[in-house]
Amino acid sequence: CMYVYYSAKNSKFPSFVTGTSVFINVGLNLLLSHLMGIKGVAYATSLAAVFSLVVLAMFMKQKVAEIRLISLKNFLIVFAAGLLSWRFAIALRDFFAKYNVWFNVIAFAVIFMAFWIMAYGMEYGVKILKKVTQKRS
């Protein structure tokens, strides 16, 4: 989102959001690292990044010309493929946990391919469903 603002010659607002995100990250790091250990640091960084993304996306229509980043259909396809890949990753994690760490690279490659196969398969299915419903109309 920051590149969209910068291309519209608006660097003040994303800089402010980034600075706020850094403060949120530091505050959550201090809080969550004591509560959760090293996982808390990762969660804090992720939450600060999500905050930055949400704020920049929410104000994009006001600060930049009206644009559409992703259609709802494509978002739902990517979200569904992500959920299915996540479940697939959990199953592979248990399987590959017994082996050498380099097998995790194989697991990552398989999950990555599975995600894109599912995403393109769902998109193709939506196109076919759209054609079938148009023929019936």
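Computed from a predicted structure; not experimentally measured. Basis for what follows: all heavy atoms, side chains included, without hydrogens, waters or symmetry-related copies.
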Whether S21 side chain and A48 backbone form a donor-acceptor pair below 3.5 Å: yes
Heavy-atom check, side chain of K12 versus side chain of V17, under 4.5 Å: no
Under a 4.5 Å cut-off applied to non-hydrogen side-chain atoms, are W86 and I111 in contact? no
Residue pair Y3 / P14, side-chain heavy-atom distance below 4.5 Å: no
Tell me, yes or no, whether the heavy-atom count around Y6 atom OH, taken from other residues, nucleotides or ligands under 6.0 Å, exceeds 12. yes
For a side-chain contact (heavy atoms from CB on, under 4.5 Å) check, start with the C-alpha distance between T45 and N29, then their side-chain angles and the critical distance, and finish with the verdict. CA-CA 8 Å; T45 303; N29 275 334; 4.3 Å; yes
Is the shortest heavy-atom distance from the side chain of F51 to the side chain of N25 under 4.5 Å? no
Can you find a pair of side-chain heavy atoms, one from L28 and one from Y43, that are under 4.5 Å apart? no
Other residues, nucleotides and ligands only: do more than 12 of their heavy atoms fall within 6.0 Å of CD1 on I38? no
Look at the rings of F13 and F59 and say which category their plane angle falls in: under 30° parallel, 30 to 60° tilted, over 60° perpendicular. perpendicular
Run M122 and L84 through side-chain contact (heavy atoms from CB on, under 4.5 Å) and show every step you take. CA-CA 12 Å; M122 287 182 216; L84 291 171; 3.6 Å; yes
For the pair F75 and F79, name the ring-plane relationship: parallel under 30°, tilted 30 to 60°, perpendicular over 60°. parallel
